[in-house]
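The structure under discussion is supplied below as structure tokens; questions concerning it will follow.
Labels below follow one simple rule: chain letters A, B, ... track the order of the sequence lines, proteins then strands, and each chain is numbered from 1. Atom set for the values below is all heavy atoms of this structure, side chains included, hydrogens, waters and symmetry mates excluded.
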2 protein chains.
Amino acid sequence: MANLQEPRPDVSRPVNRVVSLRDVAKEAKVSAATVSMVLNGNPRISRATATRIQRLVERMGYQPNRLAQSLSSKHTHVIAVMLPALRHAFADAYFGEIISGICDKAGKMGYKVMLEQAKPEFVKDKQHVRLYERRFVDGVLCLGTNDRHRWLGDFAAAGCPAMLVDNAVDEFKVDSVVCDYASGAEQVMNYLIQLGHRRIGLITAGQDIKMARRVRKAYETQLHNLGVDCNDTCIVDGKFTEEGGAAAASKLLDAHPDMTAIFAGNDKMAIGAMHEAVRRGLRVPADLSVVGFDDLRHAAFINPTLTTIHLPLYEVGSSAMERLVERIHGRPEPVKEVLPTHLIVRQSTAMAKTTTAAPGQN
Amino acid sequence: MANLQEPRPDVSRPVNRVVSLRDVAKEAKVSAATVSMVLNGNPRISRATATRIQRLVERMGYQPNRLAQSLSSKHTHVIAVMLPALRHAFADAYFGEIISGICDKAGKMGYKVMLEQAKPEFVKDKQHVRLYERRFVDGVLCLGTNDRHRWLGDFAAAGCPAMLVDNAVDEFKVDSVVCDYASGAEQVMNYLIQLGHRRIGLITAGQDIKMARRVRKAYETQLHNLGVDCNDTCIVDGKFTEEGGAAAASKLLDAHPDMTAIFAGNDKMAIGAMHEAVRRGLRVPADLSVVGFDDLRHAAFINPTLTTIHLPLYEVGSSAMERLVERIHGRPEPVKEVLPTHLIVRQSTAMAKTTTAAPGQN
DNA sequence: CTCGTTTGGTAAACTGTTTCAACACTTCGG
DNA sequence: CCGAAGTGTTGAAACAGTTTACCAAACGAG
């Protein structure tokens with residue numbers, strides 16, 4: 001047995017043998033506990049020993065093994081970001097902005113970010129809570145959720161810190177940080193109405209998403225207050241995609257040739273709608289005003305540039321990360337944070353054409 | 001001591017006490033080693049015991065703690081994706097597509113994906129290798145790298161499995177998976193030349209990126225072969241952004257009012273260029289053809305739709321993930337994989353206007 | 001009937017860190 | 001001069017798995 005340690009001395013062993021805390025301790029002729037305490041700034045250790053060991057740690061290039069740290073400390077300092085199981089979820093600027101905010105804040109707080117997609121098998125297997133139970137992560141941030149995602153209830157049951165990002169679900173008690181969709185939609189409607197528009201179509205999507213319902217509600221309320229009749233043919237589903245937006249615009253314009261404005265629930269659908277309008281020979285904004293929602297980066301680089309609601313997605317991500325860590329650290333109170341939105345006027349909107357004057361001047 | 005186990009029985013303790021392997025062992029009246037072996041399918045254990053324990057594992061809802069597993073097994077089953085330190089890296093469809101491919105493949109191979117941004121302090125601190133040394137991850141995939149990223153050499157030095165994704169750097173021996181940029185650029189040039197274009201501008205970016213240099217080279221070679229004089233005023237940097245593309249197009253059109261086509265090194269710059277062209281009252285493609293490079297999703301939804309080179313980014317990510325795992329498992333040979341690209345013709349290109357006939361018909 | 005082999009299982013060591021009880025050694029007040 | 005309090009350090013247990021050397025029982029062959 002003893003000779004197992006003999007073969008080492010020969011110098012032909014520059015193998016990147018990772019130095020452990022015990023190696024440092026041995027070299028310093030102290031116990032592992034002492035080194036550990038020095039590294040954690042425990043004041044019980046004398047200045048002299050502390051600096052001596054710190055220098056040694058430096059010299060030996062010691063790096064704590066964080067698997068061992070986490071195993072013993074009960075904290076992984078990793079959080080998971082759950083994205084919806086859409087083919088293009090990662091390539092989507094909407095999610096990208098949020099993730100950007102999450103990652104920046106995570107880095108500052110000493111957390112790592114793990115990516116996960118909420119595929120059907122994944123959540124059916126309860127993998128999303130296993131992430132926590134198996135000690136992969138300390139908490140989970142959920143993006144792109146909707147009311148049908150029953151699995152959101154599992155987090156509370158398992159005691160796993162979790163947050164909904166830019167959506168809220170009443171049913172389960174999960175914390176959330178969202179943009180003020182209601183106010184955003186009101187701003188859009190006020191603006192369009194002010195421009196003289198009365199025949200306004202809505203391209204929406206995801207009526208199982210609370211935030212989307214809020215937009216629809218604001219739209220309906222505003223039109224109703226104005227005395228404008230707005231039946232179901234004024235509201236079409238656009239599936240959050242460019243294609244869907246184009247198809248929805250097509251339906252709207254078929255049903256209402258006199259429509260002067262379209263309000264889309266996100267920028268992508270708005271872009272699709274503009275695309276369709278141009279295809280039909282309509283001029284945007286002269287014949288048709290189009291408004292989006294999100295203010296994604298390229299909204300400013302399409303032709304014409306898109307009037308839209310700016311959502312503070314980066315901030316939402318950043319804040320959600322912060323709240324999640326608070327929860328991990330034991331904050332008891334639930335959180336429902338709402339961040340303000342505002343209208344960005346660009347070129348895709350203009351005064352309504354004064355054809356058949358709107359009925360109610362009110 | 002014994003009474004430490006007494007207080008448990010009372011039912012007022014539904015605390016989600018996580019069951020450990022030892023709990024299962026105790027319940028099954030076998031040793032922890034036996035349970036471990038059952039779970040790992042070790043044939044040393046008899047069928048009878050194995051099934052008995054499997055059932056118990058099921059019943060007790062045991063989940064292996066993967067920190068402990070990784071600590072002793074030396075494998076974390078996590079890989080890191082390093083993104084460049086750009087404000088919008090996450091929201092960028094280019095990176096998104098690659099990440100999408102990485103994540104899908106990672107999921108299938110039983111790996112988790114961690115996100116990391118290569119900020120200056122981060123790489124200066126050698127955090128990128130610490131990721132490996134401190135046992136956060138088993139390997140690293142690097143996106144959006146360039147020749148100035150000296151830190152890429154650190155991986156080999158530390159013995160950390162790493163891969164370059166959609167770029168290659170000769171200097172360091174790091175594996176890579178890339179799109180065939182040279183062929184893509186040749187296809188673009190052939191196509192434009194075939195349409196009669198001779199005054200073709202190039203908007204490029206990142207000349208410290210090998211792939212970008214390849215595009216430029218192909219452009220220059222093709223024009224040279226045709227006997228078309230192409231001085232430096234035909235090549236402008238567009239910084240990979242829409243703004244940059246617009247500014248670059250502006251410079252090009254100022255210097256060469258007779259220019260009939262612009263070839264941009266990525267879709268975003270192409271979109272910016274189109275934007276600028278329209279701003280100047282030029283019709284695309286009647287007055288100016290514009291070609292992009294990437295085939296990002298929204299290239300098909302701008303006005304006019306963009307002719308571009310399709311890059312198999314999803315496949316690049318997927319393949320890089322696969323190669324990385326091979327390397328982690330000990331594949332010795334280096335890998336340089338090249339995936340084919342192809343031209344997608346849409347509406348932003350047309351025959352060159354026959355104004356001042358091009359000099360060389362060759 | 002004994003010896004060698006297979007079978008099924010176990011105890012103990014190991015991964016690398018944190019934490020806590022205990023301990024040796026001052027120092028100080030009474 | 002003795003007990004109390006304070007200081008600096010350590011051994012050992014804990015975290016939750018994997019792995020290895022070893023062992024007992026069963027079995028077959030000579």
*asked:* I'd like to know if A:Lys126 and A:Asp154 make a salt bridge, using a cut-off of under 4.0 Å between side-chain N and carboxylate O.
replied: yes
_Please determine whether a side-chain nitrogen or oxygen atom of B:Asn40 lies at a distance below 4.0 Å from atom OP1 or OP2 of D:dT18._
yes
*Is the shortest side-chain N/O distance from B:Lys74 to OP1 or OP2 of C:dC14 below 4.0 Å?*
no
*Could you check which of C:dA12, C:dT17, C:dG16 has an atom nearest any side-chain atom of A:Tyr62?*
C:dT17
*Does the D:dG17 base have a donor-acceptor partner in the side chain of B:Arg22 within less than 3.5 Å?*
yes
*OP1 or OP2 of D:dG17 sitting under 4.0 Å from any side-chain N/O of B:Ser73?*
no
*Does the side chain of A:Lys26 get closer than 4.0 angstrom to OP1 or OP2 of C:dG16 through an N or O atom?*
no
*For the side chain of B:Ser72, starting at C-beta, report the closest nucleotide among C:dT19, C:dG8, D:dT18.*
D:dT18
*Contact class for B:Ser70 vs. all strands (heavy atom < 4.0 Å): base, sugar-phosphate, or nothing?*
nothing
_Can a donor-acceptor pair be found, under 3.5 Å and without considering hydrogens, that links the side chain of A:Asp138 to the backbone of A:Ile79?_
no
*Rounded to the Å, how far apart are B:Asn42 CG and C:dT7 C1'?*
12 Å
_A side-chain contact here means heavy atoms from C-beta on lying under 4.5 Å apart; do B:Val30 and B:Arg52 qualify?_
yes
*D:dG17, C:dT17, C:dT15: which one has an atom nearest the side-chain heavy atoms of A:Pro64?*
C:dT17
*Is there a side-chain polar atom (N or O) of B:Ser36 under 4.0 Å from OP1 or OP2 of D:dT18?*
yes
_Between A:Thr51 and A:Arg47 (side chain of the first, backbone of the second, donor and acceptor by atom type, cut-off under 3.5 Å), is there such a pair?_
yes
*Give the nucleotide from the list C:dG8, D:dG17, C:dT10 with an atom nearest to the side chain of B:Asn65.*
D:dG17
*Map B:Leu21 and A:Lys29 onto DNA chain D by nearest heavy atom, then report which one ends up closer to the 5' terminus.*
A:Lys29
*Taking only N and O in the side chain of A:Thr34, is any of them less than 4.0 Å away from OP1 or OP2 of D:dT10?*
yes
*asked:* For a 4.5 angstrom cut-off between non-hydrogen side-chain atoms, does A:Met321 reach A:Leu141?
replied: yes
*Would you tell me if any nitrogen or oxygen in the side chain of B:Gln69 comes within less than 4.0 Å of OP1 or OP2 on D:dT18?*
yes
*Between B:Ser31 and C:dT10, does any side-chain N or O lie under 4.0 Å from OP1 or OP2?*
yes
